[in-house]
Amino acid sequence: MYKLLFLGTSAFAVPSLRALKEDGRFEIAGIITQPDKPVGRHATLTPPAVKVAAKELGISEIQQPAKLKEEDFKKWVEDIGPSCDAFVVVSYGKILPSWMLELPKHGIFNVHGSLLPRWRGPSPIQAAILAGDDRTGVTIMKINEKMDEGPILLEEQTAIHPDETGGELHDRLANLGATVLPHTLAAYLDEKLEPKEQNGSKATYCKILTRNDGRLDWAKTADELARMVRAYHPWPGTWTIVNETRLKVVKARAFQYEKLLKPGTPFVHDGLPCIAATSGTALELVEVQPEGKKAMSGNEFLRGMRSFLRN
RNA sequence: CGCGGGAUAGAGCAGUCAGGCAGCUCGCCAGGCCCAUAACCUGGAGGUCGGGGGUUCAAAUCCCCCUCCCGCAA
């Protein structure tokens, strides 16, 4: 059995953790995950998804260092690390210091949610949909000192469905990664697989997303905006301001609209709420969520908020 | 005690400030009209106004307490 340490935090990592745990070839010696964090309106201290899953799987050795250079943690990992064959990192959320890379016998491995070197960075899933890519996938790579630049063990492709949201693709890639991770890692550790260096000249990059990135910019075309709504659902979500109130856009459809309206102007077309974009395009608001309200169809939104019609 | 919005018919909302017949746009049911309808016309059913207490001749509306939902922020 290969001895592993698993580093992960969010839901994306859970299927991978589960797959390794349930595979007979590996032993999970411990978990490193982020500290419990205050979450939601009442700032309830909430454990990360990986911690919850680890407990379910009966893994008791769980480390949650706030900083990786913390004395106690460093001592712990330097003690256990060299006895491990490998570490596996899946959406852990912290950059590993170089001294950690040398600890396990055969290195540290990562599941990344894109076909590297395309979409290096922290939001590859949203980036792929936003860019209109028709294919994406997961990459199993060996971590080196540079972010997402390590040699590739395996890439598993999948088509992006035409209406697929970021959340849906996230879940599919999490599972896809989990199905290929155990045998890929085992093959490498068995010395049956030679990693390939990435072609850095083909690299593209994505940045970390915040809620502010979800503000719809009506100077773009409706097609771009519709892709953004799709890519950013449910995180970080997309929104705009209508009649001085914030309106989340959950689902939207782009269409051609020849009348000249200033970008950002709300109007009603075929009984549905729309907003003018640029280049003769407009976005139909299929499903929205006004602040303080639950999500509702565009139809329902119009029925109540008829001030939309004034514009 | 982080800031804020909300709960009224099956859905989305107005009415609350300033107490006085429970409303609007839809949906639903029945009928009519039409070559036709997600159109139009007529009629109808459907409400403990989130819950509890208080003030009042009278409370969706004013006062106190509680529950639940949501936006922001972190």
Expressed as a whole number of Å, how far does the [atom1] atom of [N] sit from that of [M]?
{"N": "A22(B)", "M": "U8(B)", "atom1": "C1'", "answer": "9 Å"}
{"N": "G12(B)", "M": "C57(B)", "atom1": "C1'", "answer": "36 Å"}
{"N": "A59(B)", "M": "G20(B)", "atom1": "P", "answer": "11 Å"}
{"N": "G2(B)", "M": "G47(B)", "atom1": "C1'", "answer": "38 Å"}
{"N": "G32(B)", "M": "G50(B)", "atom1": "C1'", "answer": "41 Å"}

Report summary line: Comparing G292(A) with H42(A), nearest RNA chain B nucleotide closer to 5' gives the residue H42(A)
Query raised in the report: What nucleic acid atoms does G271(A) come within less than 4.0 Å of, heavy atoms only: base, sugar-phosphate, or nothing?
Result: nothing
Query raised in the report: Looking for any heavy atom pair under 4.0 Å, which part of the strands does K37(A) touch: base, sugar-phosphate only, or nothing?
Result: nothing
So, does [X] get its side chain near the phosphate of [N], meaning an N or O under 4.0 Å from OP1 or OP2?
{"X": "K248(A)", "N": "G71(B)", "value": "yes"}
{"X": "Q289(A)", "N": "G71(B)", "value": "yes"}
{"X": "K294(A)", "N": "A11(B)", "value": "no"}

Do NZ/NE/NH1/NH2 and the carboxylate oxygens of [X] and [Y] come within less than 4.0 Å?
{"X": "E291(A)", "Y": "K248(A)", "answer": "no"}
{"X": "R253(A)", "Y": "E284(A)", "answer": "yes"}
{"X": "R230(A)", "Y": "E164(A)", "answer": "no"}

Report task. Answer yes or no: side-chain N or O of R41(A) and base N or O of G71(B) forming a donor-acceptor pair under 3.5 Å. Result -> yes
Query - Candidate nucleotides C13(B), G71(B), U25(B), ranked by approach to the side chain of R246(A) - the nearest - result: G71(B)
Report summary line: Which of G6(B), G12(B), C72(B) is nearest the side chain of R211(A)? It is C72(B)
Query - Residue of the set Y188(A), Y2(A), F6(A), F26(A) for which ring-ring contact (aromatic ring centres under 6.0 Å, His included) holds with F109(A) - result: Y188(A)
Query raised in the report: How close or far is atom P of G71(B) from atom CD of E244(A), stated in whole angstroms?
Result: 21 Å
